[in-house]
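Some notes on the structure that comes next.
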Amino acid sequence: MQSQIEEMAASGLEVALANKVKLIENQIAYLVANTKTLNTRIFLIQSLEKIYVDELNDEGIAGLIKSVDKILTRPFIGIKIHDAEGNLILNSGISSTSPNLAVELDTGSDIHTVLLWDEQFIIRNSIQLLDEKNNPIGRITTEESMPDLTRIFKEATLIGKTGDFLLCAPVKENDLEMDCFLRGFNGNQFKRMQRTMHNKPLPIHFALAGQTGIKFTQDYRRMDVVAAHSPVAFGLGAVLKIDENELYSHLTQQTKTIALYLGLLVLIGMAVIYWLTVPLIQKAIKSKNTSINAFKELIRARDNAEKTSSELSAYINAIGKLALISITDDQGSIIQVNEKFREISGYSSEELIGQDHRILNSRTHPESFFIEMWETITTGQTWHHEICNRNKSGGLYWVDSTIVPLVNTSGKIDRFLSVRVDVTARKQNDLDLNERLKESNCLHTVRNYLEQDLNAEKTCQSILNCLILALQFPEMAVAMIKLADKQFTTASYQDKLPNTISAKIIANGEVCGLLQVSYIQDLPFALPYEQNLITTVAHDLSRWFEHTEAEKRIIEMATHDALTGLPNRYLLQDRIEQALVHDARSQRQMAVLFIDLDHFKTINDSLGHDIGDLLLKAVAERLVICVRNEDTVARQGGDEFIVVLNSITESLDAAKVAQKILDSLLRPYYIHKNELHIGGSIGISVFPNDGANAETLLKNSDVAMYHAKENGRNNYQFFTDELNKSAHERHTLGLDLRYALERNELVLYYQPVMDMPNHQLYGVEALLRWRHPEHKLIAPDKFINLAEETGLIIPIGEWVLKTVCAQIKSWHEQGYIVPKVAINLSARQFRDKELINNISRILRETGVEAKYIALEITESMLIDNIERVVETLNCLNAMGIQISIDDFGTGYSSLSYLKRFPIHTLKIDRSFVRDIVTDKNDRTIVATIIAMAHSLEMDVIAEGIETEEQLNFLMTQKCNHYQGYYFSKPVPVSEIERTLVNDGVKRYQISRQKCTS
């Protein structure tokens with residue numbers, strides 16, 4: 001009876017403690033999740049960002065107050081907001097100022113959580129707020145009450161009259177101490193305690209060490225108790241205990257009754273013995289009546305003994321009626337079961353005998369669960385846990401199971417006694433309560449996400465993550481939301497899983513999506529419990545999607561032109577203001593192009609408004625194609641359009657786009673078998689020179705547009721005369737460049753490249769010049785970009801290579817020792833598919849060997865399509881052409897790529913060489929480039945050498961070659977020949993040296 005009472009008490013304590021631990025964990029997790037959701041509130045983040053901008057500070061404070069007022073309508077009782085330096089910005093609601101005890105909880109690195117007592121339990125959460133670039137901009141601290149935990153500590157009783165509940169956290173700086181909330185029959189206490197007493201761990205010590213179980217021991221009062229201990233998530237531990245005196249009080253009463261009966265039986269036995277021995281002493285005195293009396297006493301004693309035995313048998317039978325009892329051999333095979341076992345399992349004795357308990361396995365518990373069970377009972381210890389089994393018909397039932405090893409006369413374990421109590425009803429109630437709590441928390445979080453101003457992807461992904469955690473088996477669950485034409489899934493999602501439930505998402509009476517949940521393992525019995533939650537979430541998604549689509553339609557109608565679908569004047573104003581803020585911050589320019597169609601009224605009046613509307617739509621499509629994705633094309637009204645160019649490098653970039661638009665508009669339009677022709681007049685205003693706000697820029701571009709009409713239509717004009725002049729010059733220069741080759745206006749200059757340290761000629765670089773009939777000699781930086789844009793760089797590049805090869809051949813014929821000639825390749829030339837074929841053809845036609853040619857490319861050419869770059873460079877190298885990287889150090893190529901390319905020479909850009917005598921950083925950069933190039937077995941040429949001091953420094957760093965005005969500027973071919981050595985002269989010098997030696 002004592003062992004059974006202990007087991008029943010232990011089971012009751014463990015179940016009660018487990019329920020309280022689960023309740024505490026769920027409530028803390030829910031409150032922490034509440035605070036984490038604040039980090040996703042866009043308006044709150046935006047308001048906090050404005051605090052750091054002086055002119056937006058007041059607006060930011062007002063936004064914070066508005067956000068906090070809205071948040072305080074929820075479970076939060078107090079909120080504090082600090083800036084990035086920790087200064088308090090806002091304090092709203094009721095905050096705890098002097099709690100009796102505060103304990104830090106382990107809830108993760110991204111949030112700081114404290115559990116404290118201030119006439120009630122309160123959770124204080126503090127989380128960092130991040131901007132869109134994940135930079136910290138402040139911190140928000142919230143406080144929420146915990147009514148369920150408070151109720152535990154204020155209930156009249158927990159279990160029994162001496163029941164006591166402790167909730168503790170370890171002291172971080174001391175492993176022997178802990179901070180505890182004590183709930184006892186004599187009132188609540190909050191204090192710091194030792195984890196051991198007389199060098200013996202208290203039950204709470206095991207809970208903090210992550211262990212769950214029952215201890216018969218002494219507590220911190222030095223009282224003998226029965227204590228259930230369990231870890232609680234977030235670094236806490238809990239103990240529920242009862243005094244042994246109260247536990248055994250009932251047993252003591254039973255023992256007194258039994259002892260009374262046994263005492264009477266002993267006395268009667270002694271009396272019988274006495275009366276049996278009396279005749280031996282006084283045989284003559286005792287009479288028959290004495291024997292009869294003794295016999296009556298024996299009968300009475302027998303009846304008492306039978307009554308006691310009957311009570312014990314009834315007690316055992318009662319246990320058999322309530323409990324499922326089975327006996328197995330040492331291998332786990334069933335050898336005996338009682339009627340209750342057969343009734344609950346649904347199997348007969350014949351079906352069970354000889355089987356092991358795997359016949360009842362529900363596959364709910366992991367394999368490690370049963371491994372731990374066998375390890376416990378095979379070592380002679382009693383094992384006690386709740387198990388989920390499956391009966392013969394497939395239904396699940398839960399039992400509170402205790403397995404006791406039985407030993408034979410040899411002291412070896414040969415059988416196991418299993419006593420199970422059916423707790424399905426209670427377990428199902430607990431599961432239902434837990435599921436309802438999880439569903440309630442899930443729906444609350446889902447609706448919170450739906451209230452926030454998030455895009456569809458973030459909303460659906462957040463809902464899926466929340467939904468998975470609310471399922472019965474989240475570690476095995478996957479989910480999917482299909483909404484409109486997009487699909488969002490959790491990790492490890494697979495199509496066509498067998499165990500699937502779903503709910504349709506319906507908006508405006510039509511199916512627009514699907515919410516689906518699946519288990520990746522075979523758990524079909526679990527899914528029906530999830531259907532109600534899935535259906536509810538799908539319904540909420542339907543209402544949200546319906547509302548979102550309606551808002552989109554309203555905004556689209558209010559901000560876009562009904563005919564073309566382009567932004568209207570209201571949205572245009574907002575786009576311009578946004579672009580102004582961005583470009584002002586990044587110190588970039590922005591242009592507004594005001595476009596008015598020429599002669600549109602004639603088409604509209606002659607062919608009708610329907611044709612005119614179709615023409616306007618076609619114009620809108622061409623305008624969109626002419627600009628980048630980040631630019632804006634809007635319809636001002638009638639036949640007027642506005643183009644906003646964001647973040648342009650220079651004002652003339654707007655001229656390029658304007659010309660592109662004019663060319664596009666001039667192409668014929670084919671509408672309803674009509675061939676239509678139309679042009680445009682474009683006015684351009686540029687931020688910041690032509691205006692600092694949308695109204696001014698639009699007005700000035702309008703003025704410029706009328707100026708374009710006055711200049712003959714079908715052209716563009718800048719608002720500023722100076723920019724008009726530059727654009728005109730650029731346009732005229734581009735036209736002249738088309739005829740430069742035909743008119744033989746292009747010419748090559750050559751600049752020597754010298755050796756170090758002997759200052760002998762190493763090579764020459766061919767530099768292109770344009771001998772314009774009006775502008776005289778034009779440097780390449782004035783027209784190369786134009787050649788790139790127009791595609792003329794390809795024929796110009798061929799002309800350069802042919803001219804160089806012809807000059808090399810001429811020098812050979814004149815007897816000169818020809819140095820290597822370097823030619824610059826543009827990016828467009830390098831990407832040309834016919835580059836290799838053209839070079840091979842020109843070398844073959846001119847009869848010049850490839851070893852006399854070096855091609856110079858820039859770093860930026862190496863980072864696009866690496867595999868093709870490697871292929872091109874290898875082909876050039878195989879031909880015998882040397883490759884140099886020009887302007888090295890100013891690009892973005894990775895040094896790790898250099899070893900993949902057949903590069904022979906690095907040319908250090910003149911921007912590093914210019915200040916090497918005075919600037920320590922430039923000296924370090926140049927020295928590093930030289931050392932790195934030599935380690936890769938490459939030569940180094942330093943550009944822009946103008947002084948002897950620069951040359952001396954480069955010589956000390958063992959630079960191979962140099963180039964610059966210190967020796968010679970670029971000169972025509974007639975002057976460069978003066979630096980060349982005649983082959984006959986050289987042979988004469990060599991012969992003379994031999995004779996002298």
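Reckoned from all heavy atoms, side chains included, excluding hydrogens, waters and symmetry mates.
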Looking only at the side chains, is there a donor atom on one of [X] and [Y] sitting less than 3.5 Å from an acceptor on the other?
X: D561; Y: T564; value: yes
X: S651; Y: Q589; value: yes
X: N604; Y: H609; value: yes

Answer yes or no: is there a side-chain heavy-atom contact under 4.5 Å between [X] and [Y]?
X: H582; Y: M590; result: no
X: N125; Y: T141; result: no
X: I793; Y: Q829; result: yes
X: T858; Y: L825; result: no
X: D110; Y: K36; result: yes
X: I45; Y: L129; result: yes
X: K50; Y: N57; result: no
X: F594; Y: N700; result: no

Side chain of [X], backbone of [Y]: donor and acceptor closer than 3.5 Å?
X: N455; Y: E457; result: yes
X: D613; Y: I611; result: no
X: T696; Y: A692; result: no
X: D653; Y: E650; result: yes
X: R139; Y: S126; result: yes
X: Q461; Y: T489; result: yes
X: D915; Y: D919; result: no
X: N714; Y: G679; result: no
X: R868; Y: R831; result: yes
X: Y716; Y: L593; result: no

Quiz prompt | Intermediate values then yes/no, side-chain hydrogen bond (donor to acceptor under 3.5 Å, both in side chains), D736 and H772 | solution = CA-CA 9 Å; D736 291 344; H772 193 276; 2.9 Å; yes
How long is the span from the [atom1] atom in [X] to the [atom2] atom in [Y], to the nearest 0.5 Å?
X: S701; Y: I682; atom1: OG; atom2: CD1; result: 11.0 Å
X: L792; Y: F783; atom1: CG; atom2: CZ; result: 11.0 Å
X: C626; Y: L665; atom1: SG; atom2: CG; result: 7.0 Å
X: L44; Y: E49; atom1: CG; atom2: CD; result: 10.5 Å
X: H707; Y: F718; atom1: NE2; atom2: CZ; result: 12.0 Å
X: L645; Y: K656; atom1: CG; atom2: NZ; result: 12.0 Å

Practice problem: With R622 as the cation and Y669 as the aromatic partner, state whether NZ or CZ is under 6.0 Å from the six-membered ring centre and within 45° of the axis. | Solution: yes
Minimal non-hydrogen separation, [X] against [Y], with atom names:
X: H82; Y: G86; answer: CD2-O, 3.1 Å
X: L566; Y: A620; answer: CD1-CB, 3.5 Å
X: V592; Y: L697; answer: CG2-CB, 4.0 Å
X: M480; Y: K482; answer: SD-N, 3.4 Å
X: C460; Y: F488; answer: CB-CD1, 3.6 Å
X: I684; Y: A591; answer: CG2-CB, 4.4 Å

Quiz item: Do M705 and Q717 pass the side chain to side chain contact (heavy atoms under 4.5 Å, CB included) test, and can you show the C-alpha distance, the side-chain angles, and the key distance before you say yes or no?
Solution: CA-CA 7 Å; M705 182 272 295; Q717 295 292 326; over 6 Å; no
Quiz item: Under 4.0 Å between a Lys/Arg side-chain N and an Asp/Glu carboxylate O for K709 and D598?
Solution: yes
Practice problem: Run the salt-bridge test on R628 and D631 with the 4.0 Å N-O cut-off and return the result as yes or no. | Solution: yes
Quiz item: Could you go step by step and tell me if I595 and Q636 meet the side chain to side chain contact (heavy atoms under 4.5 Å, CB included) rule?
Solution: CA-CA 9 Å; I595 306 168; Q636 177 80 352; over 6 Å; no
Just checking [X]: does its [atom1] atom have more than 12 heavy atoms from other residues, nucleotides or ligands closer to it than 6.0 angstrom?
X: E510; atom1: CD; value: no
X: Y706; atom1: OH; value: no
X: E630; atom1: CD; value: yes

Practice problem: For V627 and L623, run side chain to side chain contact (heavy atoms under 4.5 Å, CB included): C-alpha distance rounded to whole Å, both residues' side-chain angles, the deciding distance at 0.1 Å, then the answer. | Solution: CA-CA 7 Å; V627 300; L623 292 178; over 6 Å; no
Exercise. Please test T459 against W544 for side chain to side chain contact (heavy atoms under 4.5 Å, CB included), starting from the C-alpha separation and ending with a verdict.
Key: CA-CA 10 Å; T459 299; W544 171 80; 3.9 Å; yes
Self-check item: Reference residue L64; test side chain to side chain contact (heavy atoms under 4.5 Å, CB included); the match among I140, I79, L90
Solution: L90
